[in-house]
Amino acid sequence: MSYDIAGSKALINGADGQYGTKAKGVNYGKNAAVNHLGYIKDFEIQSKPLNPDVFTKSGSVEDMYNEVMTKCKEDKMPPIDFLLRYTPKKGAISGFFAKLFKGHSIDTKALIGFTSEAMGKKAMTVEEADKELNEAFGDTTNTKLSAKAFDVNNDGMIDVSEEAVSTVLADVLSKDDTDAIKLSKKDLKKADGSYTNKGENKMMAFCNEENYETASKAIKDIHKKMKLDKAAKKLA
């Protein structure tokens, strides 16, 4: 299994996996992406579908939640909540100095490795990204989704360095009650190389077309501060 389970949470990291054991740097990030994919695949339900009465006759949130949780247990599925570490964890001292001098404690090599492996390509058009977003989440959010805000250089493409910002945002938004979109300059220091499903869900606010202007500004700021374009070129 590509992850561990602690209580009601799945723990995923890149220390071991397809790209080696005791991995560091870019290979740590790539392992984390592959292991995360393994976790996602375990949600594929191949037995009987959910009871449709839950969504019609009963219809309460509690009934729907209980039905899903029962189904997960029957199919031996992993917990819905997860903690994904996509970069090696820094020690207290090295993490302190990293935040002091760089403004964050994220291993950018691991971040780029994670993103490139998750994307499976060097870049995609904004239209391709929009299609994937709306096919995957459009029905659940009831909003028009677009990756346009992540197109930092306005060339109509989302490259690895630009896509990497979405992971950083999910990381920041996983910490305490950080408000999506309304990020301050100090919020980047909260990122520690890991994120949760809740942070990932909050990050979707940056894909809401209505938030484009604010989202674009925050994304460009993170991309520039972390020098992600240079990091991606070094590992190309």
Might you confirm whether atom NZ of Lys217 has over 12 heavy atoms from other residues, nucleotides or ligands at distances under 6.0 Å?
no

Tell me which donor-acceptor pairs under 3.5 Å the side chains of residues 156-170 have, and how far apart each pair is, sequence neighbours excluded?
{"residue": "Asp159", "atom": "OD1", "partner": "Ser161", "partner atom": "N", "Å": "3.0"}
{"residue": "Asp159", "atom": "OD1", "partner": "Ser161", "partner atom": "OG", "Å": "2.7"}
{"residue": "Asp159", "atom": "OD1", "partner": "Glu162", "partner atom": "N", "Å": "2.8"}
{"residue": "Ser161", "atom": "OG", "partner": "His223", "partner atom": "NE2", "Å": "2.9"}
{"residue": "Glu162", "atom": "OE1", "partner": "Asp159", "partner atom": "N", "Å": "2.9"}
{"residue": "Glu162", "atom": "OE2", "partner": "Val152", "partner atom": "N", "Å": "3.0"}
{"residue": "Glu162", "atom": "OE2", "partner": "Asn153", "partner atom": "N", "Å": "3.4"}
{"residue": "Glu163", "atom": "OE2", "partner": "Ser166", "partner atom": "OG", "Å": "3.4"}
{"residue": "Ser166", "atom": "OG", "partner": "Glu163", "partner atom": "O", "Å": "2.7"}

For Asn31, is there any backbone N or O sitting under 3.5 Å from a side-chain donor or acceptor partner on Asn27?
no

Looking only at non-hydrogen atoms, find the nearest pair between Phe206 and Ala218 and report the distance.
CE2-CB, 3.9 Å

Non-hydrogen atoms of Ala32 and Leu84 that approach each other most closely
O-CD1, 4.0 Å

Contacts of Thr214 meeting side chain to side chain donor-acceptor pair (under 3.5 Å) (sequence neighbours excluded), chain-then-number -> none

When rounded to the nearest 0.5 angstrom, what distance separates NZ in Lys131 from CE in Met124?
12.5 Å

Go through the structure and list residues passing side-chain contact (heavy atoms from CB on, under 4.5 Å) with Asp16, not counting sequence neighbours.
Thr21

To check you understand the geometry: which heavy-atom pair defines the closest contact between Ser116 and Gly113, and what is its length?
OG-O, 3.1 Å

Are Leu37 and Leu133 co-members of a hydrophobic cluster defined by side-chain heavy atoms under 4.5 Å apart?
no

I need the Lys230 NZ to Ile112 CD1 distance, nearest 0.5 Å.
13.5 Å

CG on Asp221 to CG on Leu188, rounded to 0.5 Å
8.0 Å

Mind checking what makes side-chain contact (heavy atoms from CB on, under 4.5 Å) contact with Thr108, not counting sequence neighbours?
His104, Met226, Leu228, Ala231

Just how far is it from atom CZ of Phe82 to atom NZ of Lys9, taken to the nearest 0.5 Å?
10.0 Å

Run the side-chain contact (heavy atoms from CB on, under 4.5 Å) check on Tyr28 and Asn13 step by step: do they pass?
CA-CA 8 Å; Tyr28 187 104; Asn13 65 53; 3.4 Å; yes

Which Ile, Leu, Val, Met, Phe, Trp or Tyr residues join Leu11 in one cluster when any pair of side-chain heavy atoms under 4.5 Å counts as a link?
Leu83

Could you measure the distance from the CG atom of Asn134 to the CD atom of Glu132? Nearest 0.5 Å is fine.
11.0 Å

Could I get the full list of side-chain contact (heavy atoms from CB on, under 4.5 Å) partners for Asp107, not counting sequence neighbours?
Thr87, Pro88, Lys109, Ala110

Members sharing Tyr19's hydrophobic cluster, built from side-chain contacts under 4.5 Å between Ile, Leu, Val, Met, Phe, Trp and Tyr, are Val34

Could you go step by step and tell me if Tyr86 and His36 meet the ring-ring contact (aromatic ring centres under 6.0 Å, His included) rule?
CA-CA 9 Å; Tyr86 60 92; His36 185 217; over 10 Å; no

Could you name each residue pair satisfying side chain to side chain donor-acceptor pair (under 3.5 Å) that touches residues 193-212, not counting sequence neighbours?
Asp81-Asn197, Ser174-Thr196, Asp192-Ser194

Test of understanding: with side-chain contact (heavy atoms from CB on, under 4.5 Å), list the residues that count as partners of Lys190, not counting sequence neighbours.
Lys175, Asp176, Thr178, Asp187

Please name the pair of heavy atoms, one in Ile106 and one in Ala191, separated by the smallest distance, quoted to 0.1 Å.
CD1-CB, 3.5 Å

Going by side chain to side chain donor-acceptor pair (under 3.5 Å), name the residues that satisfy it together with Tyr3, two or more places apart in sequence or in a different chain.
Asp42

